[in-house]
Structures are given as C-alpha cells and as structure tokens.
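These notes are about the structure you will find just below.
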There are 2 protein chains.
Amino acid sequence: MIDLDQIKRIYSIAGDLNFSDVKHLLQAAGRKTFLHGEYLIEADTLQNQVYFIYKGLVRIYAVNERGDEITTELRCENELVASYDVIFFDQPSRFYIQAMEKTETFHIAYDELQQVLERNRKLDMNRKYILQNLLKNAFERIDTFTLKTPEERYLHFLESNPSLTNRVPDKYIANVLGITPVSLSRIRKRIAQKAKS
Amino acid sequence: MIDLDQIKRIYSIAGDLNFSDVKHLLQAAGRKTFLHGEYLIEADTLQNQVYFIYKGLVRIYAVNERGDEITTELRCENELVASYDVIFFDQPSRFYIQAMEKTETFHIAYDELQQVLERNRKLDMNRKYILQNLLKNAFERIDTFTLKTPEERYLHFLESNPSLTNRVPDKYIANVLGITPVSLSRIRKRIAQKAKS
DNA sequence: CCACGTCGTTAACAAAAGATAAGAAATGTC
DNA sequence: GACATTTCTTATCTTTTGTTAACGACGTGG
C-alpha cells in the first residue's frame, strides 16, 4: 500500500517528518486516479479536497463572463492542489481543476486534514514548511508580473518549468502568463528571430 | 510599554493567542519608527528583519537594469513586511522597503523569531494563520493578473485598498498593477468618461 | 485511411500600452 | 507667498497586445 517512494515524495514537500508521521497522514488520505479530462474539482461546488499529485499534471481554470476558459495555474508531480475559494473562503469554487494527463493523487478533505494535523503535533508543525513553500512560489510569480515583460515572463517560465513546457498546450501557458495564445505565438516568433542573429 | 491596543493588533493578524503569548512576542521584538523616505530594508543586504507595521505605510521596490524603481507592493497598518529574498532564500535582498509616511513598527530578526516561536508552541501554531493569510492575499493578487484587464485590476485595487488610494502617489499604484504611470493615467481618464455617460 | 476536432501560426485590423517629452497641477520648503 | 520639486496629465509616436478569422499540421477515433 504505502511504499518507500511515496514516503520520500511527502518528505520532499515537507520539513522533518519521520516514517510514522507520513504513515499517519497517508492512512487518513484516499487515493484517486483521474484520466485525461476528468475533474478533481468542479466550479460552483464546495469540494474542499486537497490533492497531492503523485503522478500527472492538472490545470486550474476559471470561466470568465464571456464564457472563455482561462487557465490560471498548472501543477504537476509532488505539488498540492485545492480550490482556495473553498479552503480559505468557504465559498463555492470559481475554479475547475482538470487532469491534463492520467493523474494519480492522494486526497483528503481540508477539515479532516485539520483534524489529523491537530492530533499530531509534528505534522502540524510541518505545515509551515508547506505554506512557506507555496508562499515563496506565489511571491516569485507576482514579481514576474510586476517586474517582467510578457516576453521575459515566458522565458522565465521556460527556465523554471522546463518539464511542463512540452506536456501542455501553449494556450494554457499563455493564460498562466496573463496573455493570449496568439500573443504568445508572436512572442515565440520574436524570440526565434533574435536567436537566429 | 505594551498596551492593550497593541495586543489587539497582533490578535488581528493571528489566530488564538492570549495576553501572555503576545507579551512574549513583543518582548522579543524591538520598536522602531521610520520617517518618510527612510529605509526599513535596503537592497543588496542580508537584513532579515521582519516588521509589523503598527502605524504608517511602506512601499517595496526593486531597481531594474535600466535604473528605474519599480514598486511591487504597498503595505500598511497591521501588515507584515520583510524581504522574501532574505527570509526564504538567504540571499541578498533585491528589494528596498521604504517608509512612505512616518511609520511605527515592531521588528525582529527572522532567526530570532524562529527561536521565540520554537520556545512557545502556541505562537508556533499560530504561524499558520499568518502564513495562510499571506497566501490568500498572494493568490488573489495572482488571479488579478491572469483574469483581469489592467482597468479591471485598477478598479479591484480601489475596492480592496480604499485606504491606500489617497495615501500614495498613483505612480506606485501603477507599478503594483504591473503597468506604467502614463498608462494608469489613461485608464483613469477612460473610467471617468464612462462614468459621465 | 479518412473525417473530425484541436492546436499553433499567421494575417489584418482595432485597441491598448510603452517610451519620451512637455506642460499643468499639486505639494512641499523656505 | 514665492520657489522648487514632485506628480499627474496630455500629446505623439512606436510597439505590443487583443480580436477575429483563416489555414495548415497534427493526432484521435472511427
């Protein structure tokens, strides 16, 4: 059921847990595999599941007033996903979370997770590492919007997410960068032309 | 020294601390007041101070390759500021943090803070509330970049930061929104014209 | 093997944003 | 109150982006 690799993965996002701590956590969690196109979370629901992606790739997207899907985030192996509307605001999710590949997850309801953490001090202490890591990534991403041009933002994305680049359609990457797919295509062309000279 | 109002302020950003917990924290912290224009943190240093803004307003800015100052964030009463380069990456700060008004703070070095928290479980447990709140704000801000146009982003800023609007020059707000001051001026004009009709 | 849908690119046009500079308005200082 | 400084606005021009639509490449499933 619970193998060594799984334990190591959890370690990789946490701080200083031991075998028994992680076992605690995994025993409380369920496992679920999603096929390409299936939904981990649907919008307008109060699904408060937190997923740990063991293998695979998901996109988080919202639908705007015009009916366009806007992908706000891509997450893959060893990352957590949840709808922060539900977790943080107790409100229906504005976001869909959809598997882009066959995606294997561990999952647990947020309030159950809280209870497990409350019963195990070590796990609760570890929460800070996870939150800090999420925060670090969020701050970095915000800075790409304030300090970088779309072109620089794209190059930065390629550097920091080399693995994602060829796993998802460019149109999703464009959305994540805050631009349109057409615009990203032009940016790519400009970069290619610069590279020639 | 430590008055009731101060305690309440700390409560406001934390979860369930009691008087003695907060006293613990404040005793370890120093107090410092910065005049308009003075720096809480300077770039290219390893100042790992964390500041709680008791009164006043600061901006966080970086200087790009061309020498332009780009303001990435504005923070005021009851908020925390620090350079995440130093705190999270142990690297010299790319950012300056500068008082925009006379600003009164409590401050503590990050590693000292860690020690204080480790010695007081209740305080350490409370860290999650603070981190979650920062994370919530960061996610919301990211979504304004992916889901909103600059105009919508500006309107959203006015709604969520009504107090800031008249306390800082628009050019800083423009930077925070990821656009130039000239462009913000045009957006304001467009909004005003719509309002007429 | 073909029909179909998806995706990336390109084109053409409109709209918005960046860069630069100049002038007006506001703010602060003595 | 007069002056200097900063900030905001406006104008002009260039560049980039958004929008829409068309085309071709690619892959999937029948």
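The basis for the numbers below is simple: all heavy atoms, side chains too, and nothing from hydrogens, waters or symmetry mates. Below, read A as the first sequence line, B as the second, and so on, with proteins coming before strands; counting in each chain starts at 1. As the structure is a computational prediction, the values presented were derived from the model and not from experiment.
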Seminar exercise, completed: Quick note, B/V182 side chain, CB onward, closest among D/dT7, D/dC8, D/dA11 is D/dA11
For this session: Whole angstrom is fine here: how far is it from CG in A/L177 over to C1' in D/dT16?
Result: 15 Å
For this session: Find the distance B/D170:CG to D/dC8:C1' and express it as a whole number of Å.
Result: 8 Å
Seminar exercise, completed: In short, the helix from C/dC1-D/dG30 to C/dC30-D/dG1 is bent end to end, axes from five pairs each side, to 10°, by 50°
For this session: For C/dA17, take OP1 and OP2 only and decide whether either is under 4.0 Å from a side-chain N or O of B/T180.
Result: no
Problem set entry | Salt-bridge present (B/K148, B/E159; N to O < 4.0 Å) | no
Problem set entry | Donor-acceptor pair under 3.5 Å, B/R186 side chain vs C/dG18 base | yes
Exercise. Is the closest basic N to carboxylate O distance between A/R127 and A/D124 below 4.0 Å?
Worked result: yes
Sequence neighbours excluded and cut-off under 3.5 Å, please list the side-chain donor-acceptor pairs for residues 168-181 of chain B, or say none.
{"residue": "B/D170", "atom": "OD2", "partner": "B/R188", "partner atom": "NE", "Å": "3.4"}
{"residue": "B/D170", "atom": "OD2", "partner": "B/R188", "partner atom": "NH1", "Å": "3.1"}
{"residue": "B/N175", "atom": "OD1", "partner": "B/T71", "partner atom": "N", "Å": "3.2"}
{"residue": "B/T180", "atom": "OG1", "partner": "B/S183", "partner atom": "N", "Å": "3.2"}

Seminar exercise, completed: Closest to the side chain of A/I179, out of D/dG18, D/dT9, C/dG8, is D/dG18
Exercise. What is the nucleic acid contact for B/P150, judged by heavy atoms within less than 4.0 Å: base, sugar-phosphate only, or nothing?
Worked result: sugar-phosphate
Exercise. Is the shortest side-chain N/O distance from A/S183 to OP1 or OP2 of D/dG18 below 4.0 Å?
Worked result: yes
For this session: Would you kindly give the CG-to-P distance between B/D68 and D/dT7, to the nearest whole Å?
Result: 14 Å
Seminar exercise, completed: To the nearest angstrom, the CG-C1' distance between A/N64 and D/dT19 comes to 14 Å
For this session: Quickly, which of B/R31, B/Q49, B/E112 forms a side chain to side chain donor-acceptor pair (under 3.5 Å) with B/H107? Name it, please.
Result: B/Q49
Exercise. Any idea how B/F139 and A/Y84 line up, ring-wise: parallel (<30°), tilted (30 to 60°), or perpendicular (>60°)?
Worked result: tilted
Problem set entry | Spacing of B/K189 atom NZ relative to C/dA16 atom P, expressed in whole Å | 13 Å
Problem set entry | ILVMFWY clustering at 4.5 Å (side-chain atoms), partners of B/Y96 | B/Y39, B/Y61, B/V63
For this session: Please report, rounded to the nearest Å, how far the P atom of C/dA25 is from the CZ atom of B/R188.
Result: 15 Å
Seminar exercise, completed: Whole-Å distance, A/I187 CD1 to C/dG18 P, equals 13 Å
Exercise. Looking at B/R66, does any N or O in its side chain come under 4.0 Å of the phosphate oxygens OP1/OP2 on C/dT20?
Worked result: yes
Exercise. Under 4.0 Å between a side-chain N/O of A/R190 and OP1 or OP2 of D/dT17, yes or no?
Worked result: yes
For this session: Please state how far atom CG in B/N175 lies from atom P in D/dC8, giving the value in whole angstrom units.
Result: 11 Å
Problem set entry | Short N-O contact, A/R59 and A/E73, less than 4.0 angstrom | no
